[in-house]
Amino acid sequence: MSGELRSVEQVLEKYIPEEERREVWRLLYGRELRSLELPGCAVESASQKGFELKGYVFDAAAEQLRRPRVIRVGLIQNKIQLPTSSPVAEQVNAIHKRIAEIVEVAAMCDVNIVCFQEAWTMPFAFCTRERLPWTEFAESAENGITTKFCQEIAKKYNMVIVSPILERDELHGETLWNTAVVISNTGAVLGKSRKNHIPRIGDFNESTYYMEGNTGHTVFQTAFGRIAVNICYGRHHPLNWLMYSLNGAEIIFNPSATVGELSESLWPIEARNAAIANHCFTCAINRVGTEHFDNEFTSGDGKKAHHDFGHFYGSSYVAAPDGSRTPGLSRVCDGLLISELDLNLCRQTNDKWNFKMTGRYEMYAAELDRAVAPDFQPNIVRE
Ligand SMILES: NC(=O)NCCC(=O)O
């Protein structure tokens, strides 16, 4: 069943009586968002190519001294295209081809920044703990074939591309990293941001492949606003979001790969909470489908060995600093979610709620400094 329920929103639409629906929706999702009018050619192309296309608008109030800073982001969720036993190059090519189709539609909808899912060129094979062939999916962030592919489309469509890949760091002993490459709309590689927190839970055996990132909390100034990338498991760490925000991020992308039984009830909360707490937009993206591996693997929990990781539930969404959010894309199929954002909403919400001003960061910094010291004594008063 968990793989078949299309989306929570569809169930709400179906069963909540019309007269209560608006209010229920407001309580669950915040203020109502306008639907974005999408060009007919985009709607037609998405339907022909078999992916979901949705669009929403996050308005902000008009200001006297600043013009609206309106941009469009596109979030892409997708299944792998070929069986995991196919030759590596064919798997990568097939996914490139699929993404090219979806990005073409994003371009028809005037998207300025597009973000793909975590490790988007490959199956999420880290569950297997096998090396070959999976490490062969790793590529140079600066000049690998995937970066070249992204540079072409970035230039062609004048679009910033966030491309989360398995990186092979040729300058440092061919080390592997989980890395988001940020490609400017000019086609230049603007930089990269590595995954800071590596899961050690369930079949997420990523620590077998790569280490915690060493790029800190880089923010990228693009032609369409300041962006940052908090990769997957980093969304469980409020301080990770905070540091991107303190460095000035207006939009934080969270490209992910996560499965139903583990995290689906956390999914709608974490990125949305981060948007509220940090006065920024957050974009949570998850892959879809169930990926089958020829060799069985175990989870170290006494249960039987198995061939798949479970169901990746998609449900990609965008959340705004005022707590409003889009509905999610489907739990089961490929999709493109487009959101029009007025970035002025970040400062407007900051001026209203003042979380940055009231944050007491100096107090936390001093206490954290003490808490990580080897001779730390918890501050507990006892009778
Ligand atoms: N890819 C990844 O970090 N997944 C961990 C599981 C989760 O964070 O939901």
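Just so you know, ligand 1 is whichever comes first in the structure, and atom 1 is the first atom listed for that ligand. In this text, all values refer to a predicted model and were calculated from it rather than measured experimentally.
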Original post:
F124 to ligand 1: N or O pair under 3.5 Å?
Top reply: no
**OP:** Tell me whether the centres of the aromatic rings in Y244 and H217 are closer together than 6.0 Å.
**Re:** yes
Subject >> Atoms in ligand 1 flagged as close to E206, the criterion being non-hydrogen separation under 4.0 Å >> reply: 1 (N), 2 (C), 3 (O), 4 (N)
**OP:** Any atoms of ligand 1 less than 4.0 Å from a non-hydrogen atom of L262? List them with their elements.
**Re:** 6 (C)
**OP:** Could you tell me if the ring centre of W134 sits under 6.0 Å from that of F124?
**Re:** no
Original post:
Honestly, is R325 close enough over Y317, meaning NZ or CZ under 6.0 Å from the six-membered ring centre and within 45° of the axis?
Top reply: yes
Original post:
Non-hydrogen atoms of K195 versus ligand 1: any pair closer than 4.0 Å?
Top reply: yes
Subject >> Cationic N near anionic O, under 4.0 Å, E212 to K195 >> reply: no
Original post:
Ion pair present between D322 and R31, side-chain N to carboxylate O less than 4.0 angstrom?
Top reply: yes
Original post:
Considering only the protein, which heavy-atom contact is closest to atom 1 (N) of ligand 1, and what is its distance?
Top reply: E118 OE1, 2.8 Å
Subject >> Plane angle bin for H306 and F297 - parallel if under 30°, tilted between 30 and 60°, otherwise perpendicular >> reply: perpendicular
Subject >> Identity and distance of the protein heavy atom lying nearest atom 8 (O) of ligand 1 >> reply: H236 NE2, 2.6 Å
Subject >> Atoms of ligand 1 close to P199 [distance to a heavy atom under 4.0 angstrom, numbered from 1] >> reply: 2 (C), 3 (O), 5 (C)
**OP:** May I ask you to list the atoms of ligand 1 that are less than 4.0 angstrom from any heavy atom of A257?
**Re:** 1 (N), 2 (C), 4 (N)
**OP:** Classify the angle between the aromatic ring planes of Y29 and W25 as parallel (below 30°), tilted (30 to 60°) or perpendicular (above 60°).
**Re:** parallel
Original post:
At what distance is the nearest protein heavy atom to atom 5 (C) of ligand 1, and which residue and atom is it?
Top reply: F204 CD2, 3.6 Å
**OP:** Using heavy-atom distances, let me know which of C232, A119, S256, S263 sits nearest atom 2 (C) of ligand 1.
**Re:** C232
Original post:
What residue and atom, counting heavy atoms only, is the protein's closest point to atom 9 (O) of ligand 1, and at what distance?
Top reply: T258 OG1, 2.6 Å
**OP:** Please determine if R331 and E4 form a salt bridge, counting it only when a charged side-chain N lies under 4.0 Å from a carboxylate O.
**Re:** no
